[in-house]
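To keep things clear, I will list the structure first and then write my remarks on it.
Chain naming here is simple, since letters A, B, ... match the order of the sequence lines and numbering starts at 1 in each. These values consider heavy atoms only, across backbone and side chains, with no hydrogens, waters or symmetry-generated copies.
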Amino acid sequence: DLDVARRELEEFIPRARTMSEHSIRSMAGRDLARFKEFKKQGVAVKFGRFSQKENSQLQKNIEEFLSLTGIDSAEKLLFSYRYPEDRETIQRLKAEYQFCEKLSEGIPRPWRLIYYRARKIFDPNNYKGKYSNEEKEMLKRYQAMYGNDWKKISVMMSRSNISIARKYSEIKSDINHGAWSEEETQKLINAVEEVIKKRIEKEEATFLSSSEDSSRDLSIEREKLYQNLPWAEIETQVGTRYWKQCKQKWLTVLRTRMNKGKRLYRGKEGLQAKINLIKRLYELKVEDANDVNWAEVCNAVGDVPSSYVQAKFYKLKVSCVPFWQKKTFS
DNA sequence: GGGACATTCAACTATACGCT
DNA sequence: AGCGTATAGTTGAATGTCCC
């Protein structure tokens, strides 16, 4: 019946096809019924970033659960292991008042993801801003002492373990800062090329085994050139840069090539490009910025990666819209 | 089977910098 | 000076795995 559950879930979450047994099992238990209920009401399961509406719904769900049970803080509720003496009581209250159900009320997403979102929002160790040099040094020292025990280190540094783990992977090796040399750039291009080729070959293999038709054209879809690339692998190949630097550099290389070196946002044409972009976004009539399909918006500007257009929109917003932080997308 | 945790790719935000 | 681009920094989503 695992297969049945998988098939049923696929209706709501296409990627269920490839998910691990464990994920399927837990979603079948907790989410399938909810998904069906949402469907009855004509609500689709959502992915990607939480909208403002969802975030405030989550906030509300937490507040209501706290007042229902008398637990005095969201941190106690969501990180009960930090309060050993209250832990048992909290556990009991959670079961008694159906924590899982209450938490996910009105949010059409898998329970697990709602839970993680809540833990991010309500962790006092999160949102601590920039790391100082002292902190970076401290992190390196602790890692040398305790290895990748991020949980332990996060307690000592009052930062969330995710933040710590990520920061460490960024600073673990001496990253070459500043402009890219010709040689480095070439190395990057080669690495990306190799990775994409490998990926296509693999797809081709599965494609051929399921079909007789072997005549496929050599061009590849644009998305394959920048979406879901294994950056960690590329980082190792390049050797001198952090994966994010690689990614950013690759996108600019790609953009320049796609547009044959033309500068898109300069002069009169640049102005027109901006106007097109704004018009296109307006026509979408979406409520939340998270609902924008940037791949669709791309051709308002030219043949560019979607992240480029996104970045442009951000820049435009920040420099032209007063009090943009306090405004909604619509 | 719930929950904690590490890891990885994506997105958002801020700043540096150079050209016109 | 103003603008566009490159680069740096932080947070978000998603998922495999391990443990109790």
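- Taking the side chain of A:K247 as heavy atoms from C-beta on, and the options B:dG3, B:dA10, C:dG4, the nearest nucleotide is B:dA10.
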### Query
In B/S/- notation, 5' to 3', how is nucleotides 13-20 of chain C contacted by protein heavy atoms closer than 4.0 Å?
BSBBBB--

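- Candidate nucleotides C:dT10, C:dT5, B:dA10 were compared by shortest atom distance to the side chain of A:W243, and B:dA10 ranks first.
- Taking 3.5 Å as the limit, the base of C:dG9 and the side chain of A:K244 contain a donor-acceptor pair of atoms between them.
- Listed nucleotides C:dG4, B:dG3, B:dT13 differ in distance to A:W111; the shortest reach to its side chain belongs to B:dG3.
- Here the nucleotide nearest the side chain of A:Y115, chosen from B:dG1, B:dG3, B:dT13, is B:dG3.
- Residues meeting the side chain to side chain donor-acceptor pair (under 3.5 Å) test with A:Y142, sequence neighbours left out: none.
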May I have the list of side-chain donor-acceptor pairs in residues 187-196 of chain A shorter than 3.5 Å, sequence neighbours left out?
{"from": "A:K187", "atom 1": "NZ", "to": "A:V238", "atom 2": "O", "distance (Å)": "3.4"}
{"from": "A:N190", "atom 1": "OD1", "to": "A:Q186", "atom 2": "NE2", "distance (Å)": "3.3"}
{"from": "A:N190", "atom 1": "ND2", "to": "A:Q186", "atom 2": "O", "distance (Å)": "3.4"}

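- The side chain of A:K167 approaches C:dT10 more closely than any other nucleotide in the set B:dA10, C:dT10, B:dT7.
- Pairs of residues two or more places apart, or lying in two chains, that qualify as ring-ring contact (aromatic ring centres under 6.0 Å, His included) and include a residue from residues 30-49 of chain A are A:F12-A:F35.
- For A:E75, the side chain to side chain donor-acceptor pair (under 3.5 Å) partners are A:R82, A:Y83, not counting sequence neighbours.
- Nearest to the side-chain atoms of A:Y131 among the listed nucleotides C:dT7, B:dA4, C:dT10 stands C:dT10.
- Listed nucleotides B:dA6, B:dG1, B:dG3 differ in distance to A:W150; the shortest reach to its side chain belongs to B:dA6.
- Annotation: side chain to side chain donor-acceptor pair (under 3.5 Å) contacts of A:D149 (sequence neighbours excluded): none.
- When the nearest nucleotides of DNA chain B are assigned to A:N148 and A:Q248 by heavy-atom distance, the more 5′-ward of the two goes with A:N148.
- Using bins of under 30°, 30° to 60° and over 60° for the plane-to-plane angle, the ring pair A:F313/A:W294 lands in the tilted bin.
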